[in-house]
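Each remark here refers to the structure printed beneath this line.
Residue numbers begin at 1 in each chain, while the letters A, B, ... track the order of the sequences. Small disclaimer: the values here were computed from a predicted structure and weren't measured. Side chains are part of it too, since the values below use all heavy atoms of this structure and drop only hydrogens, waters and symmetry mates.
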There are 2 protein chains.
Amino acid sequence: MKCVTEKSEDKIREAAKRVFLKKGFDGTTSRDIAKEADMNIALTNYYFRSKEKLFLEIFKDVLEEYFQNMLTILNKDIDIKQKISEIIDNDFAMMKQEPDLVIFIMNEIHKSPQRLFPDMSIFRQVRETHLKKQLEEGAANGTLRPMQLENILPLIKCGVEFIFMGKEIHKELFMMSDEDFEKYAEEQKEHIKAMVCNYLVIG
Amino acid sequence: MKCVTEKSEDKIREAAKRVFLKKGFDGTTSRDIAKEADMNIALTNYYFRSKEKLFLEIFKDVLEEYFQNMLTILNKDIDIKQKISEIIDNDFAMMKQEPDLVIFIMNEIHKSPQRLFPDMSIFRQVRETHLKKQLEEGAANGTLRPMQLENILPLIKCGVEFIFMGKEIHKELFMMSDEDFEKYAEEQKEHIKAMVCNYLVIG
DNA sequence: ATAAATTTTAAACAAACATTTAAAATATAC
DNA sequence: GTATATTTTAAATGTTTGTTTAAAATTTAT
């Protein structure tokens, strides 16, 4: 019995991720996780010692998942307009694939930030990215509006993430069905690309 | 004994709002609320019948609080650039005064949308606002890029709300202190105003 | 002043909670 | 094949949960 059956530890980890993302830490019980993993309730603590430890392990993975693809794009040696477009497309794809991810991260960090920041080397990687150099060069030679990474990056990300985080309220507010929203989100994505690029790139 | 002492029902309502906003529905216990209100645990159910009913009542108020000021500005008969600026300033002030409000609304609706939308007449009011007419007129006479209300409104609101919802992660990611963040948020606010107006207003 | 209605209290309720136990089942080592 | 180590199980642990109870305190009405 090698890889035909998945290891119990991994089954629990994956089930826990699904449940935590959907219900949050406070809304998730050990029994929810055991049931989702189709395993005995005691195994959660056998493998991970506590609900808290299991959560922290998963949260770290989720936070890295959130930054990893973006980081790869930020470091590509491509035109800045193209780079912004790719980040937004990537964000958009991520929100469609994992609709719970961003609101989960935001909410958990908001509720207890101190508990959730371990040695996050990924943060340093984001700060020291190739985009930073592009911004400095562009500002120096007058092709880009002078802006810091910390100013432009949220402007790139907020548009897509905001409408997906608030998908249900936007649907209700503007009386959209699920398919209406899908079309709307695509429109919005293109507005964001154009708006941010127009603002950053001079001429 | 008229207004010298606050009515118990209101004390509980206000305490519950503070606790719910901070900890969310799942993270809040009836005892948390009773303690915050400095009242006996049984009074929550005496006045509101259940934690759920108390929550729904408060959520409705909070959602209206979120939209009310914006709605007033949306209906003012002022220049569209000025209007956008005022909405953003208003959003900014709201996020400073009630930092938990937007992430609370987003997260609760995300977790269980069906349960939280009663007869929200405020939604209709937002859809039928004076800004909508301004957008139509501007598109017709070529002064504004043709855009629907549902496209421009999130672009106006997402910038400020996103950085405040993610205040702690932005502080950690960009190594900012609280006062750094305050300065940064002000910068960001001006970027957003300029970016959105540049995009919407032609010429 | 007294009776009735309302508000507040301490105590209790069963259900759900995270976690632990110790035995049973299974896999691994020799 | 037997002994040892690992994994899984059902059951129980003590706490905390939302809610209820019934009596006590207080306010209101007559």
Side-chain angles (χ1 to χ4, degrees), chain A residues 1-62 104 107-108 111-112 114-116, chain B residues 1-62 104 107-108 111-112 114-116:
Chain A
M1 199 222 274
K2 262 284 145 65
C3 286
V4 39
T5 309
E6 202 181 7
K7 275 189 183 161
S8 296
E9 188 179 327
D10 292 332
K11 272 179 76 175
I12 294 169
R13 202 192 309 273
E14 285 158 24
K17 185 188 164 185
R18 284 194 297 275
V19 181
F20 278 137
L21 277 174
K22 199 164 145 201
K23 303 187 173 190
F25 181 80
D26 291 329
T28 298
T29 71
S30 298
R31 281 164 184 80
D32 288 338
I33 297 170
K35 197 175 181 186
E36 173 81 17
D38 197 25
M39 310 234 85
N40 186 283
I41 169 77
L43 289 178
T44 322
N45 282 44
Y46 176 73
Y47 284 110
F48 299 95
R49 296 187 52 203
S50 72
K51 178 190 165 190
E52 171 80 7
K53 291 220 169 60
L54 172 55
F55 176 77
L56 291 177
E57 206 170 292
I58 285 168
F59 189 83
K60 194 175 193 291
D61 292 347
V62 166
F104 167 78
N107 193 54
E108 296 297 337
K111 275 190 304 183
S112 51
Q114 72 293 341
R115 141 179 182 253
L116 299 172
Chain B
M1 197 220 277
K2 261 285 148 62
C3 284
V4 41
T5 309
E6 202 181 8
K7 275 189 184 162
S8 296
E9 189 178 326
D10 292 332
K11 273 179 76 175
I12 293 169
R13 203 193 308 273
E14 285 158 25
K17 184 187 165 186
R18 285 194 297 275
V19 182
F20 278 137
L21 277 173
K22 199 164 145 203
K23 302 189 173 190
F25 180 80
D26 291 329
T28 298
T29 71
S30 299
R31 279 162 186 82
D32 287 337
I33 296 170
K35 196 175 180 186
E36 173 80 17
D38 197 25
M39 311 234 83
N40 186 283
I41 168 75
L43 289 178
T44 321
N45 282 45
Y46 176 73
Y47 283 111
F48 299 94
R49 297 187 51 203
S50 72
K51 178 190 166 190
E52 171 80 7
K53 291 221 169 60
L54 173 55
F55 177 77
L56 291 177
E57 207 170 291
I58 285 167
F59 189 84
K60 195 175 192 294
D61 292 346
V62 166
F104 167 78
N107 193 54
E108 296 297 338
K111 275 190 305 182
S112 51
Q114 72 294 339
R115 142 179 181 252
L116 299 172

Comparing nearest nucleotides in DNA chain C, the 5'-proximal residue of the pair Glu9(B), Thr28(A) is Glu9(B)
Enumerate donor-acceptor pairs with a distance under 3.5 Å from any side-chain N or O in residues 13-21 of chain A to protein atoms, sequence neighbours excluded.
residue, atom, partner, partner atom, Å
Arg13(A), NH1, Glu57(A), OE2, 2.0
Arg13(A), NH2, Glu9(A), OE2, 2.9
Lys17(A), NZ, Glu65(A), OE1, 2.9
Arg18(A), NE, Glu36(A), OE2, 2.6
Arg18(A), NH2, Glu36(A), OE2, 3.2

In this structure, how many angstroms lie between the [atom2] atom of [N] and the [atom1] atom of [X], rounded?
X        : N       : atom1 : atom2 : value
Asp26(B) : dT17(D) : CG    : C1'   : 13 Å
Lys23(B) : dG18(D) : NZ    : P     : 11 Å
Leu43(A) : dT20(C) : CG    : C1'   : 13 Å
Lys7(A)  : dT8(D)  : NZ    : P     : 11 Å
Met39(B) : dT26(D) : CE    : C1'   : 13 Å
Lys35(A) : dC17(C) : NZ    : C1'   : 16 Å

Applying side-chain hydrogen bond (donor to acceptor under 3.5 Å, both in side chains) to Lys60(B) and not counting sequence neighbours gives Glu64(B)
Hey, what are the protein-to-nucleotides 19-21 of chain D N/O distances that come in under 3.5 Å?
residue, atom, partner, partner atom, Å
dT19(D), OP2, Lys51(B), N, 2.8
dT19(D), O5', Asn45(B), ND2, 3.4

May I ask you to decide whether Lys23(A) forms a salt bridge with Asp26(B), counting only side-chain N to carboxylate O separations under 4.0 Å? no
Output for pair (Phe104(A) CZ, Phe59(A) CZ), nearest 0.5 Å, gives 6.0 Å
Interatomic distance, NZ@Lys7(A) vs OH@Tyr47(A), rounded to 0.5 Å, equals 9.0 Å
**Message:** Base, sugar-phosphate or nothing for Tyr47(A)? Non-hydrogen atoms, less than 4.0 Å.
**Reply:** sugar-phosphate
Heavy atoms only, 4.0 Å cut-off, all strands: where does Ser8(B) land among base, sugar-phosphate and nothing?
sugar-phosphate
Checklist line | Stepwise side-chain contact (heavy atoms from CB on, under 4.5 Å) check, Asn107(A) with Phe25(A) | finding: CA-CA 10 Å; Asn107(A) 193 54; Phe25(A) 181 80; over 6 Å; no
